[in-house]
2 protein chains.
Amino acid sequence: MNTVRIGIVGLGNMGKGHAQYLIEGQVKGAVLTAVSDVRPECLAQAKENWGAHLHTYESASEMFRSGEIDGVLLCTPHYEHPKQAIEALQAGLHVLVEKPAGVYTKQVREMNEVAATSGRVFGIMYNQRTNPLYAKLKELISSGELGEVRRTNWIITNWYRSQAYYNSGGWRATWAGEGGGVLINQDPHQLDLWQWTTGLMPKRVRAFCGFGKHRNIEVENDVTAYVEYENGATGVFVTSTYEAPGTNRYEISGDRGKIVIENDRMTFWRLRQLESEFNRVNTESFAQPECWKFEVPIVPGGAQHKEITQDWTNAILHGTPLLAPGEEGIKGLTISNAMQLSTWIDGWVDLPIDEDLYYEKLQEQIARSAVSAG
Amino acid sequence: MNTVRIGIVGLGNMGKGHAQYLIEGQVKGAVLTAVSDVRPECLAQAKENWGAHLHTYESASEMFRSGEIDGVLLCTPHYEHPKQAIEALQAGLHVLVEKPAGVYTKQVREMNEVAATSGRVFGIMYNQRTNPLYAKLKELISSGELGEVRRTNWIITNWYRSQAYYNSGGWRATWAGEGGGVLINQDPHQLDLWQWTTGLMPKRVRAFCGFGKHRNIEVENDVTAYVEYENGATGVFVTSTYEAPGTNRYEISGDRGKIVIENDRMTFWRLRQLESEFNRVNTESFAQPECWKFEVPIVPGGAQHKEITQDWTNAILHGTPLLAPGEEGIKGLTISNAMQLSTWIDGWVDLPIDEDLYYEKLQEQIARSAVSAG
């Protein structure tokens, strides 16, 4: 294969964005040959914008079986992701799914199982993994520069959304339509990066979600979560949608000092020797380890969505490893589900979570939802 | 009365510090006339340093009844504060107690009750209330500049203490000797300022203490706490003693924007209109309220300990109101006790706390303590 023929399902904001850079030839080795949407007017618009040669389908299933595509980008509502991915993989297609991987881990686990035996390339649109800041952080931690991680703290409250935003779609911020709020819609990137950069998944989670805080919505838009890791480290994750201007500050403390990412800069307070080593030999009551503060140079770049699509295309054509394997989508989602579940049961949630219990509790929310499931 | 004759109980680091500025005449209207310490060598040293005219007592009780002093500064170990304050008040003395007010609220409440009917001036050494940064923050919040408080977040992890520090005194970081760790020894100022600046006491607390983390000690030196306030706001407090270089960052988010105190500076992201008002009238999906960021000018000053002693002296001589009334010591201590209790019972603690339960749990810790109660 020299060229991957790509189809897109769902021509909302994300789908149109992906189509645009593909049409412009910005992804080497990939060509957009087909699109699918349940709305005929979107398909007509697609032909008008991108050329009459484009194959269009009101049914995604029909596109999957058309023989016109080798791989598919799934840009549909969250609940659709796993079942469409499974269907596409089973039709022999490579799949790149938009975030989140799904709404509940039970369906995402099933998707991962199908992907594992499919022999196809399965990726997820974690475009923030291409952000040089987070890539650098991951490299600093995995190479041991920061020493063992002792604490993480992410304040990500700059997802400001007004009531007008929530009113702009009846499915928005509903249990039936989205399956959650800030955790499932705005935070999937941070929840992925939190565990990806540190290489640590929480062992257990205690979280406190506020539902419809300062907004007339039914889902969570205010979360404080405390987590514990296997190595004894702890973490805090705070997020909301009603704070203006909000904060995006990610601090990681380790045996070798502290790194803070804020305002698109990374600052490293680096100890000359490990704190644990200093502490072992120091004899003075109020002494502290010597610390050098500096800005970590960040190589500009990171092509975001199109870099992920390029990476996935390369994997299909050349067998290169994925930056964002689809199977890893379950990690951030597990943390997200655990935070909601901890609130619902008002207690600790151990990981891996009780998927059946989460599913049951989610159904209870949906049953009470103002918007019935479609 | 033209001059307040002051006695000091306890000539440790704090006691000696207070004596020094009093001897230097830095507090108008106050004179150091007596000191008390159970160690005769400290008393001999005091006479040598500060003059043979100084009355010295091995027994604090004797000093209280000596007729040589009008007021007393209590600089003894934490557990001693309430009982000594009660004795001094009952002897007709004005009292200024070092922080913390005590170890458990039950004894502090008793002290407050005695103070309330004593007719004497009862203060607490909350010298950080004289820090212009926090005084300014309190003024900005109480005057309505920030709008209603919606979230607080204090990361105070720059209390670095090595094992050498903990080894420097057998009573240090023990349940019997100190009654706690970072919360009772290092954080009393922050726990006071947290509620004093916002004017908000938590309604309930869920906290997670780590005991002897990266250190060979029995008390907590790592705390993450989540709190909820009556008005629906939430808060996070993170503290530790093993992180180098640690962080001291206090963020308060309100209806009118956000204030952050960090690196001895105060930054205010101020909205032109209240967020709640913007949200009510805005019709655009992704619009945000207009925000102006600026540094809040801070008038230098804040004489710390001696300002509190001056303030207390003024109250005695002129009846002026106290910046730090002793009765308010129970507030920060209540939060501190609630954080430990929440960890011990692994659940929510409602405020006011169950003082008997806290006392019982504390006794369990003491019974297991490596250092027996003296």
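Labels below follow one simple rule: chain letters A, B, ... track the order of the sequence lines, proteins then strands, and each chain is numbered from 1.
With Tyr250(B) as the partner, the side chain to side chain contact (heavy atoms under 4.5 Å, CB included) test is satisfied by one option alone out of Val260(B), Leu137(B), Leu133(B): Leu137(B).
With hydrogens and angles disregarded, no donor-acceptor distance shorter than 3.5 Å links the side chain of Ser342(A) to the backbone of Ala338(A).
The shortest non-hydrogen separation linking Cys209(B) to Glu220(B) is CB-CB, 3.9 Å.
Between Asp346(A) and Arg206(B) no salt bridge is recorded (no basic side-chain N to carboxylate O distance below 4.0 Å). Taking 4.0 Å as the cut-off between side-chain N and carboxylate O, Glu251(B) and Arg249(A) do not count as a salt-bridged pair.
Every residue two or more places apart in sequence or in another chain that forms a side-chain contact (heavy atoms from CB on, under 4.5 Å) with Glu290(A) is listed here: Arg272(A), Trp292(A). In this structure Gln273(B) satisfies the side-chain contact (heavy atoms from CB on, under 4.5 Å) test together with Glu277(B), Phe278(B), sequence neighbours excluded.
For residues 232-244 of chain A, the interface with chain B (any heavy-atom pair closer than 4.5 Å) comprises Gly232(A), Thr234(A), Val236(A), Val238(A), Thr239(A), Ser240(A), Tyr242(A), Glu243(A), Ala244(A), sorted by residue number. Contacts between residues 147-163 of chain A and chain B, defined by a heavy-atom separation under 4.5 Å, are made by Arg150(A), Arg151(A), Asn153(A), Ile155(A), Thr157(A), Tyr160(A), Arg161(A), Ser162(A), Gln163(A).
Ring planes of Phe268(A) and Phe294(A): tilted class, angle from 30 to 60°.
With chain A as partner, the option from Pro289(B), Cys291(B), Gly254(B), Gly347(B) having the largest number of non-hydrogen pairs under 4.5 angstrom is Pro289(B).
A cation-pi arrangement is present between Lys258(B) and Trp269(B) under the rule of less than 6.0 angstrom and at most 45 degrees off the ring axis. Stacking of Arg172(A) on the aromatic ring of Tyr165(A) is recorded, both the 6.0 Å distance cut-off and the 45° axial limit being met.
For Ser276(B), no part lies near chain A; criterion is any non-hydrogen pair under 4.5 Å.
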